[in-house]
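After the structure tokens below, expect a handful of questions from me.
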Amino acid sequence: MTEYKEVPMIKKVGVVGAGTMGSGIAALVASAGIPVVLLDIPGKEDRNEYAKRGLERALKARPAAFMDPERARYVEIGNTEDDLEKLRDCDWVVEAIVEKPEPKQALYARLESLLKPTAIVSSNTSGIPMRVLLEGRSEGFRRRFLGTHFFNPPRYLHLLELIPTPETDPKVLEEIRRFGERILGKGTVLAKDSPGFIANRLGVYGMVQAVRLMEKHGLTIDEVDALTGPLLGRPNSATFRTADLTGLDVLKLVTEELAQATGEDFALPEWVHRLVEEGRLGEKAGAGFYKRVNGEIYTLDYRTLDYAPRTKLELPELRALRDLPLRERLAKALDLPGKYGAFLRELFARTAHYTLEKAPEIAYDLVSVDQALEWGFGWEEGPFKNMDAVGLSRVEALFAEYGLEVPELLGKAQGTFYKDGAYLGFDGAYHPLPKREGVISLKALKSEGKTLLEGKEAALLDLGDGVALLEFRTKMNAIGEGVIRMLQKSLEFVEEKGYLGLVIGNEDPRAFSAGANLALILSLAQEGDWDELALAVRQFQKASMSLRYSPFPVVVAPFGLTLGGGAEFTLHADRVQTHAELYMGLVEAGVGLLPAGGGTKEMLLRFTQELAPYEEADPFEAVKRAFQLIAMARTSTSALEARKMGFLRDGDRISMNRDFLIADAKRRVLELAPDYRPPLPPRIRVLGSEALGNLRYAVWSFREAGEITDHDMKIGLEIAYVLSGGEGPAREVSEWDLLDLEREAFLKLLGTRKTQERIAYTLKTGKPLRN
Ligand code: NAD
């Protein structure tokens with residue numbers, strides 16, 4: 001291999017090993033729009049059998065591995081005997097083959113003589129030390145090699161641990177970091193080359209402790225999961241459901257490997273081994289710590305290894321904690337009376353102690369430790385932030401209670417691990433928190449006093465450089481009166497103060513906005529306050545329209561759940577800057593309504609405009625497309641799909657990494673601002689009675705076939721009426737003509753008993769009712 005000179009941008013990727021991880025990584029790379037070569041060992045009859053199977057597995061995976069199945073076209077498959085050549089023009093080759101040193105070393109030896117001199121090679125190993133993998137490799141190879149540890153499934157788990165060796169060229173690390181963060185959307189964390197790296201070492205330790213302490217304190221699996229989930233700022237899946245999802249066999253393997261590599265005690269109780277032997281491996285096997293019996297969830301009794309219906313832990317003390325902010329909740333959880341408190345205190349003490357002892361050995365700083373647990377295990381705040389919340393003197397007292405010595409790192413802390421924008425380094429000094437370029441934190445802006453307007457349900461913040469941001473602050477960011485009022489005030493503020501433009505976005509982990517505040521709508525309807533309701537819907541419509549027609553650019557930055565009214569605001573932005581994970585839909589029909597914040601009008605307008613240049617096109621196609629989207633309440637499973645469905649336009653852009661979303665949206669405003677002019681309000685061609693007749697016929701046939709209920713039919717007919725522009729001849733109408741129809745239809749449906757039942761049911765259960 002010739003001397004390495006520079007590090008070009010990664011434009012093509014190779015993945016060797018098409019198993020669980022390799023196929024998932026390839027699907028992510030392809031979803032990002034990067035060509036990828038996926039190789040596995042040769043099959044007997046079909047030489048590419050294994051790689052083909054890997055690709056098929058990725059296409060079938062649920063939740064989906066590809067953001068758009070069509071992106072599978074970016075994946076070229078092959079086998080390592082006949083097709084290694086295909087890797088020759090790859091800029092980065094990730095190895096994700098069997099977890100054994102010899103085959104990995106043998107593969108690198110072959111790659112070394114084949115790849116172009118600038119290519120980067122990395123391993124997805126979860127435990128083999130880099131120095132072992134690099135045995136026998138040249139200096140040039142070593143400089144372009146590092147560990148890249150993805151988590152399963154690669155599309156959904158944010159963490160990517162990067163493990164450079166002392167020989168890795170800093171420019172190689174920089175390029176992998178850029179590509180990992182920007183193109184693949186991952187949160188990268190630098191880890192030292194130690195067993196299990198950061199997240200698994202600490203996360204698995206905590207899991208083993210939880211299992212053991214459950215036995216010690218006489219708790220059940222249901223109790224432990226109730227105590228170790230959202231109460232501590234961790235995912236709903238808590239301890240045992242997470243283990244079921246990972247697979248008990250994987251857990252067993254990882255604990256054994258960690259024990260062997262570290263010489264530490266990671267032993268799981270004997271009964272867990274029994275479950276593995278009996279094939280009770282968790283979700284994939286249909287039974288593990290939990291089991292589904294006729295759609296109901298049963299929980300394992302680890303004393304008998306039988307299952308019984310799950311019991312919910314209903315404690316008044318727990319309920320009292322639920323709505324507190326995490327930091328207060330954590331401290332108070334440790335005060336719980338009886339065995340629950342005792343369990344939580346000991347679990348906290350032992351895991352905190354281990355974290356403090358190991359952090360300097362596994363990470364370069366404690367910030368990375370927190371990020372690894374937040375991004376890899378879905379914790380709201382990592383272990384050091386947790387310790388700060390509980391209070392370090394309390395942490396020390398807890399250590400004393402369990403006979404644990406005070407770790408050196410704790411001795412270095414002065415009051416807290418984080419303070420005033422700085423963190424405690426392992427050297428004992430406080431260092432400023434690393435600025436992540438291209439990341440704007442709204443939380444930080446608020447603490448810096450950058451709030452321009454503040455209400456209970458929403459606020460306006462200053463993003464700097466003349467750009468303001470409107471943030472919703474309600475539960476699931478539902479849109480009610482307060483949000484609409486703040487939106488109007490914000491638009492006035494931006495104009496009056498001469499700001500360049502507005503971003504609408506927020507930092508909720510799940511929901512940009514779950515839609516209009518249904519509880520409010522239902523209570524007004526039940527009180528029969530129809531004038532008030534008509535006014536509220538009109539205000540909503542005006543709000544949507546003013547996003548589009550304000551004299552400055554408005555960029556909406558959606559992510560995750562973007563439903564109903566949240567989708568309508570998104571549709572009316574001048575431009576959308578969305579996160580790649582976008583679950584967007586006009587889902588009003590599910591609650592017996594139709595989109596009346598401009599959503600119905602907008603889809604008809606968009607699809608009609610799309611067809612306009614094609615003289616031969618049938619204009620009814622546009623009506624039909626909008627009808628299907630709205631009547632079936634279709635929701636996208638990614639931003640790529642949202643684009644295909646018509647929710648996003650060509651000028652709308654996707655940020656792969658949620659962390660960059662707000663800053664990307666701000667940049668869009670700055671791009672648009674210099675010569676921005678609001679668009680000219682369009683005239684929309686509606687087809688009147690002709691389209692209405694066709695749609696009515698379709699709706700009736702669905703009813704005849706028994707595919708929809710009477711109430712579904714009623715909703716369908718109202719949607720049809722709006723999309724046809726009502727009865728009468730084909731003609732041109734204004735946007736407001738259609739908005740008026742939307743509003744009338746909405747109020748009519750809201751007046752029906754069945755719609756009110758649907759809303760009440762959804763509010764109560766979170767699910768739709770088909771009545
Ligand atoms: P897997 O068993 O699902 O897949 C491994 C694939 O590699 C198989 O398709 C196999 O046919 C192929 N393979 C084996 N030897 C090969 C060779 N010499 N050349 C080409 N292909 C070969 O394994 P996995 O779970 O995808 O793990 C792959 C790597 O990723 C391992 O190093 C593992 O430790 C690591 N890892 C796994 C996970 C996880 O959750 N499964 C998470 C992080 C890292």
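Please read all numbers here as calculations on a predicted model, not as lab measurements. Both ligands and their constituent atoms are indexed starting at 1 by order of listing. Values below: every heavy atom of this structure, side chains too, minus hydrogens, waters and symmetry copies.
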Is it true that a side-chain atom of Arg155 and a backbone atom of Leu28 form a donor plus acceptor pair closer than 3.5 Å?
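No; zero donor-acceptor contacts below 3.5 Å.
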Check contact between Leu107 and ligand 1, using heavy atoms of the residue and a distance below 4.0 angstrom.
no
For Thr239, is there any backbone N or O sitting under 3.5 Å from a side-chain donor or acceptor partner on Asp225?
yes
Nearest 0.5 Å please: distance from the OG atom of Ser123 over to the NE2 atom of His149.
9.0 Å
Under 4.0 Å from a heavy atom of Gly17: which atoms of ligand 1 are those, numbered in the order shown and with their elements?
7 (O)
From the candidates Gly22, Ala51, Gly19, Ser23, the one that places a heavy atom nearest atom 1 (P) of ligand 1
Gly19
Any N/O pair Arg57/ligand 1 closer than 3.5 Å:
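Checking ligand 1 against Arg57, no N or O pair falls under 3.5 Å apart.
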Polar contact flag for Tyr50 and ligand 1 (N/O pairs, less than 3.5 Å)
no
Heavy-atom nearest option to atom 29 (C) of ligand 1, drawn from Ile41, Ile97, Val15:
Ile97
Should the proximity of Lys104 to ligand 1, defined as any heavy atom under 4.0 Å, be assigned to the side chain, the backbone, both, or neither?
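Looking at Lys104 and ligand 1, just side chain atoms fall under 4.0 Å.
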Closest approach of Lys11 and Ile34, non-hydrogen atoms and distance?
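Here Lys11 and Ile34 meet closest at O-CG2, 3.6 Å.
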Between the side chains of Arg47 and Asp82, is the shortest nitrogen-to-carboxylate-oxygen separation below 4.0 Å, so that they form an ion pair?
yes
For ligand 1, which part of Asn152 has a heavy atom less than 4.0 Å away: the side chain, the backbone, both, or neither?
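For Asn152, the contact with ligand 1 is made by the side chain alone.
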Under a 3.5 Å threshold, yes or no: a donor from one side chain and an acceptor from the other, between Glu112 and Ser138?
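Side-chain D/A pair, Glu112 to Ser138: present.
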In this structure, atom 35 (C) of ligand 1 is nearest to the protein heavy atom Asn124 O, 3.2 Å
Residue part near ligand 1, for Phe151, under 4.0 Å between non-hydrogen atoms:
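Contact part for Phe151 vs ligand 1: neither.
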Would you tell me whether Glu161 and Trp375 have side-chain atoms, one donor and one acceptor, within less than 3.5 Å of each other?
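Side chains of Glu161 and Trp375: no pair found under 3.5 Å.
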Which protein heavy atom lies closest to atom 28 (C) of ligand 1, and at what distance to 0.1 Å?
Ala96 O, 3.3 Å
Lys/Arg cation over aromatic Phe197: Lys192, 6.0 Å, 45° cone
no
In ligand 1, which numbered atoms sit nearer than 4.0 Å to a non-hydrogen atom of Phe150?
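The list of qualifying atoms is 42 (C), 43 (C).
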Among all the protein's non-hydrogen atoms, which is closest to atom 34 (O) of ligand 1, and how far away is it?
Ser126 OG, 2.7 Å
Can you pull out the closest protein heavy atom to atom 15 (N) of ligand 1? Residue, atom name and distance to 0.1 Å, please.
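The closest one turns out to be Val98 CG1, 3.5 Å.
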So is Arg658 actually on top of Phe559's ring, under 6.0 Å and inside 45° of the axis?
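Pair Arg658/Phe559 counts as cation-pi.
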As an exercise, identify every atom of ligand 1 less than 4.0 angstrom from a heavy atom of Thr125.
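Answer for ligand 1: 32 (O).
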Among Glu99, Met21, His149, Glu49, whose heavy atom sits nearest atom 32 (O) of ligand 1?
Glu99
For a 4.5 angstrom cut-off between non-hydrogen side-chain atoms, does Leu39 reach Tyr50?
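With C-beta onward as the side chain, the pair stays apart.
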Test item: side-chain donor near acceptor, Tyr205 and Arg350, under 3.5 Å:
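There is no such pair (donor and acceptor under 3.5 Å, judged by atom type) between the side chains of Tyr205 and Arg350.
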Tell me whether Arg510 at atom CZ has more than 12 heavy atoms from other residues, nucleotides or ligands lying less than 6.0 Å away.
no
Atom 19 (N) of ligand 1 touched by protein heavy atom at under 4.0 Å:
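Within 4.0 Å of atom 19 (N) of ligand 1, protein heavy atoms are found.
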Students should be able to answer this: which protein heavy-atom is nearest to atom 9 (O) of ligand 1, and at what distance?
Asp40 OD2, 2.6 Å
List the closest protein heavy-atom neighbour of atom 23 (O) of ligand 1: residue, atom name, distance to the nearest 0.1 Å.
Thr20 N, 4.6 Å
